[in-house]
Amino acid sequence: MDITEASLNEIWNKTINELGGQTSRPTIKTWFSEIRPVSFSDGVLKLNVPNKMVKFWVEQKLHYTLLKAAKSFIPELEKIDYVLIEERLKTTTKISQSQKTFSYYKKTSLFEADPSTNLNHRYRFDNFVVGGNNELAFAAAQGIVNDSSAKVNPLFIYGGVGLGKTHLLQSIGNEILKNHKDKKVKYITSEQFTNELIDSLKNNSIDEFKLKFRGLDFLIVDDTQFFSGKTKSQEELFHTFNFIYNASKQIVFSSDRPPALIPDIEQRLRSRFEGGLIIDITTPDLETRLAILKIKCQEKGFLLDNEILELIAKKINRNIRELEGALNLVVYVIKEKKIETITEERINEILKDYLTQLYRKITPQKIIKIVSDFYNIQETDMLKKSRKVNIIKPRQVVMYLLRDLGKMSYVSIGEVLSNRDHTTIIYSCEKIVKELNTNIELSQEVEILRTKILEL
Ligand code: ADP
Ligand code: MG
């Protein structure tokens, strides 16, 4: 019996629905959304799978469930063949023609994570490229999941935007669960932690909240810089930390800066952050960027020439999220315009447009907001002519960044900042420029702000 394409699609959709009732929804969504039925004949159902990871996962973990579900709609079904799209297209075109549409700026979303652990299978040690910029952080991460090595507790990893902190933290969680299914692991961002705490206070369920965190074997807290100024959350985190730590369980933190530079954090919490091992992740070198592009291509089923990848890796060097964005854009253009062979000039054009687009997103409002958030001061205070001591430096940094990244004139910077005289602005900008040469802390802060402002 052969089945037409239309009814095959219908059967496939029914099968997925059927599976939806048997396994947890996120699994179905993650693993099946990119699989397409191709044909059915002689008892064999052929499915296109987008990459090796999905193929491996479905074959290993879900094959029998899938076979059973599909058999209820095609009784003649005997066997399922999983065909890798990338293999099929290797000789015909450079890029997989997988049907999925994507926007090139899409971020990997934690939304597809397992709701009980908040872990997303996309982030694993095996697809994390190790280079000089992150090898220590990677080794430390492996160390804490490895049963035999001495533990550092807590592990605190910091680094700029888009450099792989979340990827590494999530990998830790996934690796632990791979080896020890019974361990209780939770990944949480500081914002989620704060929100859940507020909810539990509202709903009178603070005891449940405490219990949930205190029973963990591994607590992984991402983006701890957002605890800045949040007294209640800090207090709860402090007690949670002590509880887990005293039970000899593991804690991992990340932040966009070292603990010493997080403003408005209680000293006792800061000293907990600093009590284990603090390691940074920096920007990757060319070789590492190239390796990352290769692994991303593999995962997404793109087949691009090495020369193309090199051009991208050379041009985009600030952070990995941008690197991925650039890769996606290049692929998008090649696909949309059905380009057979692409020239170096065209790639450079695409990358130039991409960078221009990134810069266009830099507005004075964005700069002011990011700097205010970073130093944890009110935007209105930043703009007003207040002489409060704690505002003077952040305001000078705003002026400097409006000039340096915002490419604004001194006069218009003065206008944005409550009509200050342009000579004041010139003075402040020059002061920062001078200080950047000697003040390591300030230059670190400005570097962090720069990456934040340039973030997609
Ligand atoms: P951060 O949390 O530091 O802002 P992410 O972990 O979200 O950065 O990383 C941004 C993107 O770059 C993710 O898609 C991630 O998978 C990718 N990435 C970062 N570092 C690496 C690496 N070393 N190897 C592979 N992919 C990486
Ligand atoms: Mg992150």
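Order of listing sets the numbers, starting from 1, for every ligand and every atom in it.
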Find out whether the Lys NZ or Arg CZ of R268 is both under 6.0 angstrom from the six-membered ring centre of F238 and within 45° of the ring's axis.
yes

Side chain, backbone, both or neither: which part of R122 comes within less than 4.0 Å of ligand 1 when only heavy atoms are counted?
neither

V129 versus ligand 1: do any nitrogen or oxygen atoms come within less than 3.5 Å of each other?
yes

Suppose I only count heavy atoms of E324 and a 4.0 Å limit; which atoms of ligand 1 are within that range?
11 (C), 12 (O), 13 (C), 14 (O), 17 (C)

Against heavy atoms of G164, which atoms of ligand 1 measure under 4.0 Å?
1 (P), 3 (O), 5 (P), 6 (O), 8 (O), 9 (O), 19 (C), 20 (N)

At a 4.0 Å threshold, what atoms of ligand 1 neighbour a non-hydrogen atom of N134?
23 (N)

Please determine whether the number of non-hydrogen atoms from other residues, nucleotides or ligands lying under 6.0 Å from atom CD of E379 exceeds 12.
yes

Should the ring pair F156 and Y158 be called parallel, tilted or perpendicular, given that the plane angle runs from 0 to 90° and is split at 30 and 60?
tilted

Which of R214, K212, K230 passes salt bridge (Lys or Arg N to Asp or Glu O under 4.0 Å) with E236? It is R214

I'd like to know whether ligand 1 has K296 as a neighbour, heavy-atom separation below 4.0 Å.
yes

Assess the residue pair I316 and R289 against the criterion (side chain to side chain contact (heavy atoms under 4.5 Å, CB included)); give the C-alpha distance rounded to whole Å, side-chain angles, the decisive distance to 0.1 Å, and a yes or no.
CA-CA 9 Å; I316 313 287; R289 295 201 297 279; 6.0 Å; no

Would you say the ring centers of F213 and F243 fall short of 6.0 Å from each other?
no

Taking N9 for the side chain and P37 for the main chain, is one N or O donor matched with an acceptor at less than 3.5 Å?
no

With a cutoff of 4.0 Å, is G162 in contact with ligand 1, counting heavy atoms of the residue only?
yes

Tell me whether ligand 1 is touched by Y123 - counting only heavy atoms on the residue side and a distance under 4.0 Å.
yes

Which of the atoms in ligand 1, numbered in the order shown and given with their element, are less than 4.0 Å from a heavy-atom of N127?
24 (N), 25 (C)

Is the centre of the F209 ring less than 6.0 Å from the centre of the F193 ring?
yes

What about the rings of Y123 and F128, do their centers lie closer together than 6.0 Å?
no

Return the set of protein N, O or S atoms whose distance to the Mg ion (ligand 2) is under 2.8 Å, each given as residue and atom.
T166 OG1

With K249 via salt bridge (Lys or Arg N to Asp or Glu O under 4.0 Å) - residues at least two apart
D217

Mark up the atoms of ligand 1 that fall under 4.0 Å of a heavy atom belonging to I320, in ascending order.
12 (O), 17 (C), 18 (N), 19 (C), 20 (N), 21 (C), 27 (C)

For G160, atoms of ligand 1 separated by under 4.0 Å from a heavy atom:
3 (O)

Can you run down the side chain to side chain donor-acceptor pair (under 3.5 Å) pairs that involve residues 275-284, sequence neighbours left out, and say none if there aren't any?
none

For T166, the ligand 1 atoms whose distance to one of its heavy atoms is below 4.0 Å:
1 (P), 2 (O), 6 (O), 7 (O)

Looking at Q378 and S372, would you say the former's side chain and the latter's main chain have a donor-acceptor pair under 3.5 Å?
no

Examine D222 against ligand 1 and note whether any of their N/O atoms are separated by less than 3.5 Å.
no

Report yes if V161 has an N/O atom closer than 3.5 Å to an N/O atom of ligand 1; otherwise report no.
no

For V433, the side chain to side chain contact (heavy atoms under 4.5 Å, CB included) test, sequence neighbours excluded, returns Y400

